[in-house]
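This chain uses plain numbering: 1 for the first residue, then up along the sequence. Excluded from the calculations below are hydrogen atoms, water molecules and symmetry mates; all remaining heavy atoms, backbone and side chain alike, are included. For clarity, every value in this text was computed on a predicted model and none was experimentally measured. Whatever order the structure lists them in is the order used to number ligands and atoms, beginning at 1.
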Amino acid sequence: VTAEIRFRGTRQTETRIVVGQDLFADGVLPIPVDRALFVVDERVQALQSDLVDRLARALARDARIVAVRAGEPAKTLEGVARLLGELGAQQARKGDWLVAVGGGTITDLAGFTAQVLYRGTNCALVPTTLMAQVDAAIGGKNGLNVGGRKSRIGSFYWPGWVLCDTRFLDTLPLREVHAGVAEIVKVFAVSDAESFRDLVAAASTARPADRYCRADLVARAVRAKVGLLEADPFETSPRRLLNFGHSFAHFLEERSAFSIEHGEAVLLSMLCEVNVGRLAGVCPPGVCDAFWQAVAPYLPTGVLEAWPPDHQVQEAVVELRAQRGGLVHMVVLSEIGRGLILPDVPWSLLKTAWNDVGARLHRAWS
Ligand SMILES: NC(=O)c1ccc[n+]([C@@H]2O[C@H](COP(=O)([O-])OP(=O)(O)OC[C@H]3O[C@@H](n4cnc5c(N)ncnc54)[C@H](O)[C@@H]3O)[C@@H](O)[C@H]2O)c1
């Protein structure tokens, strides 16, 4: 065990987040329960069946496995209904544990389902992607897609346990590693300059998996996220730094019909937001350039046919304004490690920032 981090969503709910490697060896976890239903990403089941078996044996005396296909279509109301049917077929009982084993789409799906099953079932998350270990499984938030629109509904439901075993990351493709790095960049960029510098320095050493899929780095990123969530666990404040990278991310994911990964969209959105800060005069050009250089190794290539035209973004911004009561707050950087909220950014500035990033990407991609 590299770290155990506790997070209180409400006074009554505490999540114990355990980070380490080979957590499911005998006696490491003090939590065998009577019966647990494991909702497992079918790819993880295929690639890591030994580890999933060990996990099931370590956690429950009676373990039942339901395999689910991961991806954005899984985290929908239809996906929840399907899963509830499968859990019913496995004779799910009140008091059973629901254990999600997979990436962010599976932890969102299972977290939401645990909340509605018997009006609240014990829940544990075992995130198997870097993205889910450092972000999606942390904080109790679950999002579902509706009608092709990203995370339009959702809930807060805090799991009792989150078990981040980096052994799962051994089989993660490079694209998924980079998508996870995007969320690590996000949280360090707004709150922790030293960790950001260490992350950038690591980019020149070793294989990507050895650089990023490490328990110490996962633990550092989880601590940084928990530190930002503690003051606002329901994420109600419009002034929350964790919104960095999310002004345009959902728009980009929807526009690409989800062929772009969430982490890739976050990365592109961060570039635009940092650029907004530069144009607004709060982010020195040197910081903007340093940020671009730091994320360049993880920029997706070949996933977007073209940078979407600004009139489409304008529609998305109008919708965002309507949802948020007229204002679009945006997180920008004043320096690396320090996020800052710009209240109500004018469209003219957003448009320039958007087109400028599009032109730079076009040069990088061609
Ligand atoms: N609720 C939150 O607070 C929150 C925060 C961030 C992201 N998210 C959500 O998380 C999702 C993105 O997470 P994700 O990238 O983990 O998605 P994902 O679940 O789709 O996983 C990505 C891919 O990796 C595969 N995979 C999973 N574990 C693997 C392993 N160990 N080895 C090999 N392949 C593996 C999956 O089968 C899938 O193809 C998005 O839907 C996003 O909206 C939610």
Side-chain angles (χ1 to χ4, degrees), residues 7 9 15 39-52 55 67-76 79 100-112 114-115 123 125-146 148-159 162 164-184 186-187 209 213 218 221-222 225-226 228-229 233-235 240 242-246 249-254 256 258-267 269 300:
F7 173 63
T15 305
V39 181
V40 184
D41 175 344
E42 59 185 26
R43 181 170 297 167
V44 176
Q45 176 70 30
L47 292 173
Q48 302 247 24
S49 59
D50 286 355
L51 195 52
V52 173
L55 163 73
V68 174
R69 174 162 301 176
E72 295 300 323
K75 44 176 273 189
T76 54
V101 186
T105 59
I106 300 295
T107 55
D108 274 7
L109 164 71
F112 188 92
Q115 184 165 28
C123 175
L125 304 180
V126 183
T128 62
T129 61
L130 187 58
M131 152 73 68
Q133 294 195 353
V134 299
D135 196 23
I138 309 300
K141 194 162 76 167
N142 305 303
L144 296 184
N145 307 327
V146 180
R149 308 301 305 271
K150 177 78 187 190
S151 294
R152 287 302 158 125
I153 62 169
S155 68
F156 280 95
Y157 190 62
W158 291 275
V162 179
C164 301
D165 190 330
T166 52
R167 193 55 85 196
F168 276 113
L169 308 180
D170 289 352
T171 50
L172 209 57
L174 184 60
R175 185 174 178 197
E176 307 298 339
V177 173
H178 284 173
V181 171
E183 298 286 8
I184 304 179
K186 174 194 80 178
V187 72
C213 300
V218 171
V222 169
K225 178 163 185 184
V226 165
L228 288 172
L229 279 179
F234 286 97
E235 300 187 42
R240 53 190 196 271
L242 284 169
N243 264 357
F244 186 46
H246 286 72
H250 291 173
F251 163 75
L252 284 164
E253 288 179 82
E254 290 170 7
S256 74
F258 298 115
S259 62
I260 187 168
E261 296 261 340
H262 178 68
E264 293 169 340
V266 168
L267 205 61
S269 186

Student: Of all residues at least two apart in sequence or in a different chain, which pass the side chain to side chain contact (heavy atoms under 4.5 Å, CB included) check with E176?
Tutor: L172, P173, E261

Student: Nearest heavy-atom pair of P300 and L267: which atoms, and what distance?
Tutor: CD-CD2, 4.3 Å

Student: Of the backbone atoms (N, CA, C, O) and the side-chain heavy atoms from C-beta on, which set of D108 has a member under 4.0 Å from an atom of ligand 1: side chain, backbone, both, or neither?
Tutor: side chain

Student: With atoms numbered from 1 as shown, which atoms in ligand 1 lie under 4.0 angstrom from a non-hydrogen atom of G103?
Tutor: 16 (O), 19 (O)

Student: Taking the minimum heavy-atom distance to atom 18 (P) of ligand 1, which of L172, T166, T105 ranks first?
Tutor: T105

Student: To check your reading of the model: name the closest protein heavy atom to atom 6 (C) of ligand 1, its residue, and the distance in Å.
Tutor: D135 OD2, 3.2 Å

Student: Under 4.0 Å from any heavy atom of L47, which atoms of ligand 1 are there?
Tutor: 33 (C)

Student: Could you tell me, atom by atom, which parts of ligand 1 come under 4.0 Å of a heavy atom of T171?
Tutor: 30 (C), 31 (N), 32 (N), 33 (C)

Student: Looking at E72, which atoms of ligand 1 are within less than 4.0 Å of one of its heavy atoms?
Tutor: 40 (C), 41 (O)

Student: What atoms of ligand 1 come closer than 4.0 angstrom to any heavy atom of F168?
Tutor: 30 (C), 31 (N)

Student: Look at atom 12 (C) of ligand 1 and say which protein heavy atom is nearest, naming residue and atom and giving the distance to 0.1 Å.
Tutor: M131 CG, 3.9 Å

Student: Can you report which non-hydrogen protein atom sits closest to atom 43 (O) of ligand 1, along with the distance?
Tutor: K150 NZ, 2.8 Å

Student: Could you list which atoms of ligand 1 come closer than 4.0 Å to a heavy atom of A136?
Tutor: 1 (N), 2 (C), 3 (O), 4 (C), 5 (C), 6 (C), 7 (C), 8 (N), 10 (O), 44 (C)

Student: Under a 4.0 angstrom heavy-atom cut-off, which atoms of ligand 1 come close to G104?
Tutor: 10 (O), 11 (C), 13 (O), 14 (P), 16 (O), 17 (O), 19 (O)

Student: Can you tell me which residue and heavy atom of the protein come closest to atom 28 (N) of ligand 1, and the distance to 0.1 Å?
Tutor: T128 OG1, 2.8 Å

Student: Y157: what forms a ring pair (Phe, Tyr, Trp, His ring centres under 6.0 Å) with it, not counting sequence neighbours?
Tutor: none

Student: For the backbone of N142 and the side chain of D108, can you confirm whether one donor and one acceptor N or O come within less than 3.5 Å of each other?
Tutor: no

Student: Taking the basic N atoms (NZ, or NE/NH1/NH2) and the acidic carboxylate oxygens, is any pair closer than 4.0 Å for E254 and K150?
Tutor: no

Student: Return yes when atom CZ of R69 has more than 12 non-hydrogen atoms of other residues, nucleotides or ligands closer than 6.0 Å, and no otherwise.
Tutor: no

Student: For the pair F156 and F234, name the ring-plane relationship: parallel under 30°, tilted 30 to 60°, perpendicular over 60°.
Tutor: perpendicular

Student: Measure from the side-chain N and O atoms of S256 to the backbone N and O of E253, and report whether any donor-acceptor pair falls under 3.5 Å.
Tutor: yes

Student: Just so I know, are the side chains of D165 and V126 near enough to count as touching, which here means a heavy-atom distance under 4.5 Å?
Tutor: no

Student: Got a second to check how far E72's CD is from L109's CG, nearest 0.5 Å?
Tutor: 11.5 Å

Student: Among all protein heavy atoms, pick the one closest to atom 39 (O) of ligand 1 and tell me residue, atom and distance.
Tutor: R43 NH1, 2.9 Å

Student: For atom 1 (N) of ligand 1, what is the nearest protein heavy atom, given as residue, atom name and distance?
Tutor: K141 O, 2.7 Å

Student: Quick check against the 3.5 Å criterion: does Q133 have a side-chain atom that pairs as donor or acceptor with the backbone of C164?
Tutor: no

Student: How far is atom 37 (O) of ligand 1 from its nearest protein heavy atom, and which residue and atom is that?
Tutor: D41 OD2, 2.7 Å

Student: Would you mind running through ligand 1 and noting each atom that sits below 4.0 Å from a heavy atom of V44?
Tutor: 27 (C), 28 (N), 29 (C)

Student: Among all protein heavy atoms, pick out the one at the shortest distance from atom 21 (O) of ligand 1; state its residue, atom name and that distance to 0.1 Å.
Tutor: T129 CG2, 3.8 Å

